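Only a predicted model underlies this, so the values are computations on that prediction, with no experimental measurement involved. Counting from 1, the numbers follow the sequence of the chain as shown. All heavy atoms count here, side chains included; hydrogens, waters and symmetry mates do not.
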Amino acid sequence: MKVFVALALFIAVVGAQVPPRCVTPILWEGRLFEVSPTRHFERFAGISYDATNERIRIIEEEQTGTEREYYDELFLHKENIGYRLNLRTKQCEKFTLREPFRRIEVPENATSYGSAYVGSSSVAGAGVLVDIFGGETTRGRYSGTWTQTDCLPVTDTYVSQTTGFIHWNFFDITLGVRDPNVFIPREECR
């Protein structure tokens, strides 16, 4: 009987340690570092995110002393339209979106992989406690980390046949969007 009670107590304690699915804010801005080895691509950029209206704006941060092209991209998923403005040439391309809007959130079918500190838990102010989730959708596999406080995205990794491997790291997130016009195409694209 004691073994049964001890086993039940152990299962209850372990089960209680699984982080619950959190709800990510639906409107925010920040910075991101994106890596896609499949497309031989990486970039630092600003990001504005609106889950309600299914809109994302990504403006690459230009680095001086490089010859590479930098872009301002606007994805309007409800209209199924995207805009890509070359920031050097001011040439704008309007295109049809190939993929449906993919929310930057903990999906409902997510599996919890536990919690961990990004940085350190043993040095005051040197770490952030995050929850780690992952799983599968009809279009691909995903994993990500979100802060335990406020459920802000920290990383988002997605792999599918159509997109290949994409990994995003998020920084400097603020809730809301300072300029609601950020989701209107730039003059060069109209």
Side-chain angles (χ1 to χ4, degrees), residues 12-39 41-61 73-78 97 99-180 182-183:
V13 169
V14 170
Q17 292 178 0
V18 174
R21 179 183 174 272
C22 61
V23 178
T24 304
I26 58 172
L27 189 65
W28 52 268
E29 291 182 312
R31 295 176 61 219
L32 72 84
F33 177 68
E34 178 180 8
V35 177
S36 178
T38 308
R39 296 181 291 157
F41 177 77
E42 64 181 43
R43 66 177 167 183
F44 277 101
I47 181 171
S48 300
Y49 175 81
D50 176 2
T52 302
N53 296 300
E54 299 183 355
R55 306 180 294 187
I56 297 178
R57 179 79 171 262
I58 298 175
I59 303 174
E60 293 186 49
E61 297 175 3
E73 296 178 307
L74 177 60
F75 304 95
L76 303 173
H77 285 271
K78 285 191 175 179
L97 297 176
E99 289 282 313
F101 185 73
R102 194 175 73 77
R103 295 179 179 278
I104 302 170
E105 67 179 3
V106 181
E108 294 211 18
N109 70 339
T111 299
S112 171
Y113 298 139
S115 300
Y117 277 90
V118 174
S120 174
S121 64
S122 64
V123 178
V128 174
L129 186 58
V130 297
D131 293 329
I132 307 161
F133 293 93
E136 216 163 310
T137 69
T138 55
R139 298 186 318 264
R141 293 199 49 79
Y142 66 88
S143 67
T145 56
W146 287 264
T147 60
Q148 273 199 353
T149 303
D150 295 328
C151 197
L152 301 176
V154 177
T155 65
D156 182 75
T157 302
Y158 186 70
V159 181
S160 78
Q161 292 293 326
T162 55
T163 65
F165 178 91
I166 298 172
H167 178 80
W168 285 4
N169 288 321
F170 299 98
F171 311 90
D172 302 329
I173 291 177
T174 57
L175 299 182
V177 172
R178 286 174 297 189
D179 180 6
V182 73
F183 297 113

*Output every pair passing disulfide (SG to SG under 2.5 Å) with a member in residues 105-159, not counting sequence neighbours, ordered by first then second residue.*
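Qualifying pairs: Cys22-Cys151.
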*asked:* Considering only residues two or more places apart or on different chains, which pairs with a residue in residues 112-141 satisfy disulfide (SG to SG under 2.5 Å)?
replied: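 Found none.
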*Applying ring-ring contact (aromatic ring centres under 6.0 Å, His included), name anything that partners Tyr117, two or more places apart in sequence or on another chain.*
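Scan of Tyr117 (ring-ring contact (aromatic ring centres under 6.0 Å, His included), adjacent residues dropped) gives none.
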Can you list every salt bridge (charged side-chain N to carboxylate O under 4.0 Å, His left out) pair that touches [range], not counting sequence neighbours?
{"range": "residues 24-33", "value": "Glu29-Arg178, Arg31-Glu61, Arg31-Asp172"}
{"range": "residues 138-147", "value": "Glu99-Arg139, Glu136-Arg141"}
{"range": "residues 109-120", "value": "none"}
{"range": "residues 149-160", "value": "Arg102-Asp156"}

For [X], which residues count as a side chain to side chain contact (heavy atoms under 4.5 Å, CB included) partner, sequence neighbours excluded?
{"X": "Val123", "result": "Ser120, Ala126"}
{"X": "Thr138", "result": "none"}
{"X": "Val182", "result": "Ser48, Arg57, Val177"}

*Would you call the rings of Phe101 and His77 parallel, tilted or perpendicular if under 30° counts as parallel and over 60° as perpendicular?*
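It falls in the perpendicular class, over 60°.
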*According to the ring pair (Phe, Tyr, Trp, His ring centres under 6.0 Å) rule, which pairs have a member within residues 141-174, sequence neighbours left out?*
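Listed once each, the pairs are Trp28-Phe170, Trp168-Phe170.
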_My understanding is that only residues two or more places apart in sequence, or in another chain, count here; which of them pass side-chain hydrogen bond (donor to acceptor under 3.5 Å, both in side chains) with Ser121?_
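Partners of Ser121 by the side-chain hydrogen bond (donor to acceptor under 3.5 Å, both in side chains) criterion come out as none, since no residue qualifies.
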